[in-house]
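Inspection log for the structure reproduced underneath, given as structure tokens.
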There are 2 protein chains.
Amino acid sequence: MDQHSPARMEDVAQVAGVSAITVSRVIHHPDKVADATRERVLKAIETTGYVPNRVAGSLASNQTRIIGALVPTVTNSIFADTIDGLTDELGAQGYQLLLGATGYSLAEETRLINAILAQRPAGIVVTGLQHEPAAESLLRAAGIPVVETWNVDGQPIDMTVGFSNFNACHAMVERLVARGARCIGYVGAPTLANDRAAQRVAGYRAAVAKLGLEASDSLVFEGKFSFAAGAGRLRDLLATRPDVDAVFFGNDILALGALFECQRQGIRVPADLAIAGFDDVELAASVAPALTTVRIHRYEIGRQAARMILERLRGDTTTPDLTDLGFEIIERETTPAGRAD
Amino acid sequence: MDQHSPARMEDVAQVAGVSAITVSRVIHHPDKVADATRERVLKAIETTGYVPNRVAGSLASNQTRIIGALVPTVTNSIFADTIDGLTDELGAQGYQLLLGATGYSLAEETRLINAILAQRPAGIVVTGLQHEPAAESLLRAAGIPVVETWNVDGQPIDMTVGFSNFNACHAMVERLVARGARCIGYVGAPTLANDRAAQRVAGYRAAVAKLGLEASDSLVFEGKFSFAAGAGRLRDLLATRPDVDAVFFGNDILALGALFECQRQGIRVPADLAIAGFDDVELAASVAPALTTVRIHRYEIGRQAARMILERLRGDTTTPDLTDLGFEIIERETTPAGRAD
DNA sequence: CTGAAAGCGCTTACAG
DNA sequence: CTGAAAGCGCTTACAG
């Protein structure tokens, strides 16, 4: 029976001896139906194996229970945590996640926003504050809650949740200097189409300049998100600037790759070279020596983004446009200990 | 204009001076429309900011471009790679991913299958071959392509893509023995509601028994997916069975956590203790000493799953029900080298 | 507490 | 090459 064409509300209604609208009521407002009727309908749903057709329901009610989300990539715990935060919060509220991966391409992001919007989601979550103008117009015109994530330094289209990449990097550089660093290199993710990465280097540069240290392009490198790149860029940096006494990496994966490279080369960390990362992935605390890094709240970003959308949908007008989840400097063993501050 | 109610096909039609059906044609069969007309419609789409309403389109055509997917969790590169494989392949074909995370709960999986099916996806991907009976009936009754993943040891509902967890673990144990191991411990993920984990221990047990080594429960531990658990269970194992000369971990995260613990405790790897993992995450090759492990094709599982569904949807009847992507034993530095085989 | 009617925004044959 | 009609499976007021 269900093989060819799945049961419709009408089929359930016939089995239960009621009208389709009563079946709809049992599903959405069970208390508005007489007990006996409800029981009969529920039984009919069971026997027919009825699974409500939400695409019809969505068209009729003009609302879906779908939330769209766009991340650069899923591979790397970084955004994976945010996605888990989203699915956990959304799932509990009966919403579902329509996910897209942009591959760090703004053009692809625009394309995906269009595709997602075609599904008429109740809300949408994107990564970063940087988008193509076309994407921004689409988002504004959609008339749904929009949450940008992972960045609070800028003007959100609607709402944003994250932290200041600039301030976080600035703070880490200050800490490194307080611990004795005098020549700090920086290796970060490519800044093209990535405002978070751009603001991280900017934070580094600003802090270095402010503290009167050398701020030279020869101290700054870009590397893709991989352990191998961390090792490679460390070699490059050491080759050009053997005088660095600390290297700050824009993410933990790069930092850890560099740390392993030091172990291979016999470079003592932090005695010969201090290393700091960014993200505080689980590995950072587990490796020996444990990595000094910046802790940010990846899972919470996802959860909060979901909450902000859901609140809006409930008509809550008190939801703030900007939620700064902050960051923490976590000093572990790859940077020198000692009284600073 | 778009703020309150977004443009409809009818609005575009009016602006272009044609009927709605012509707008639909321009979108779906552009070659069946006169050049001049097409240009006018395209311009009208642009000026109205029209984004097609696929929920209406799906209801009318009785087909969506949505593929559902269920994974245990996204946090851990393990399933993240599979998700990237899915979004990459799906995105290129104009399909979108509706994602759910079960948290390793079969009951939650059933609930999510129901919710996803309500969106009338064109196909669905689930993890593993183990499901609640209710989930299986739902999946069978849906009348859409279903791909189970990460396991080929069993009877798929429809199609499956992955590898033999049993054989892979069996093979690794054989290799460890060939390298001189005589007392092998095993630490794997909890086997409850996880057929892959269950078949991994089973593979270990079968190999150990077949090779005439000790197969004792005192050699087998379970640990959650974390570096900390790997370290903890290694300590437990060493406390009960200080005579083990090798430990095989059911995933790389556990293995790596144990490796770091060895480094902290001054246990030499592989001289004092050999360590092997499972998954071949990027870190396995990057860490020092590099981890011996089983390479499996996580990204390909996602890509193939998407392809199998898409082929079916295209009416291809030659698509195999079972795709075994295999595995490879990758020997690196945490197990003794030497001529074996 | 329950039902008949209209309509959501598209697509699918079918005409012409 | 283009359009009028019907219908997809629901929900939303509105009656009673």
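A note on names: the letters A, B, ... follow the listed sequences, proteins ahead of strands, and every chain is numbered from 1.
Distance, Q14(A) CD to dG3(C) C1': 15 Å, rounded to whole Å. Distance H28(B) NE2 to dC10(C) P: 9 Å, rounded to the nearest Å. For the pair D35(B) CG and dT2(D) P, the interatomic distance rounds to 10 Å; values are reported in whole Å. What separates CG of D31(A) from C1' of dT2(C) is a distance of 15 Å, to the nearest Å. In this structure, H29(B) places its NE2 atom 10 Å from P of dA13(C), rounding to the nearest Å. Atom CD of Q63(B) is separated from atom C1' of dC8(D) by 12 Å (rounded to the nearest Å). Atom P of nucleotide dC14(D) and atom CD1 of I21(A) are separated by 13 Å, given to the nearest angstrom. For the pair N53(A) CG and dG7(D) P, the interatomic distance rounds to 18 Å; values are reported in whole Å.
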* **Stepwise side-chain hydrogen bond (donor to acceptor under 3.5 Å, both in side chains) check, T319(A) with E311(A)** => CA-CA 7 Å; T319(A) 310; E311(A) 280 176 15; 2.8 Å; yes
* Chi angles and distances behind the side-chain hydrogen bond (donor to acceptor under 3.5 Å, both in side chains) call for H131(A), E148(A) -> CA-CA 10 Å; H131(A) 317 284; E148(A) 290 165 284; 2.8 Å; yes
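Of the listed nucleotides (dG9(D), dT2(C), dT11(D)), dT2(C) has the atom at the smallest distance from the side chain of V33(A). Residue A56(A) has its side chain nearest to dC10(D) when only dG3(C), dG3(D), dC10(D) are considered. Closest to the R8(B) side chain, of the nucleotides dC10(C), dT11(C), dT2(D), is dC10(C). When distances are taken from the side chain of S61(A) to each of dG9(D), dT2(D), dT11(D), the shortest belongs to dT11(D). Here the side chain of A60(B) is nearest to one of dG3(C), dA13(C), dT11(C), namely dT11(C). Distances from the side chain of A34(B) to the nucleotides dT2(D), dC10(D), dG3(C) place dT2(D) closest.
One N or O on the side chain of T149(A) and one on the backbone of V126(A) form a donor-acceptor pair closer than 3.5 Å.
Side-chain N/O atoms of S24(A) include one lying less than 4.0 angstrom from OP1 or OP2 on dT11(D). In this structure, Y50(A) does not reach the dG9(D) phosphate: none of its side-chain N or O atoms is under 4.0 Å from OP1 or OP2. Put simply, T37(B) has a side-chain N or O that comes within less than 4.0 Å of OP1 or OP2 on dT2(D). Contact annotation: S19(B) reaches the phosphate of dG3(D) (side-chain N/O to OP1 or OP2, under 4.0 Å).
Across all strands shown, S58(B) has no heavy atoms under 4.0 Å from either base or sugar-phosphate atoms. Within the nucleic acid shown, N62(A) has no heavy atom closer than 4.0 Å to any nucleic acid atom. Counting non-hydrogen atoms under 4.0 angstrom, R25(A) reaches a base of the nucleic acid.
In this structure, dA13(D) forms no base pair with any nucleotide, since neither Watson-Crick nor G-U wobble geometry is met with both distances under 3.5 Å. Judged by Watson-Crick or G-U wobble contacts below 3.5 Å, the nucleotide dA4(C) has no partner.
Salt bridge present: E108(B) and R111(B) bring a charged side-chain N and a carboxylate O closer than 4.0 Å.
Of the two residues near DNA chain D, M9(A) and V18(B), the one whose nearest nucleotide lies more 5' is V18(B). Each of G17(A) and E10(B) has a nearest nucleotide on DNA chain C; the 5'-most of these lies closest to G17(A).
In this structure, CG on L106(A) lies 5.5 Å from CD on Q130(A), to the nearest 0.5 angstrom. The distance from atom CD of E132(A) to atom OG1 of T110(A), rounded to the nearest 0.5 Å, is 3.5 Å.
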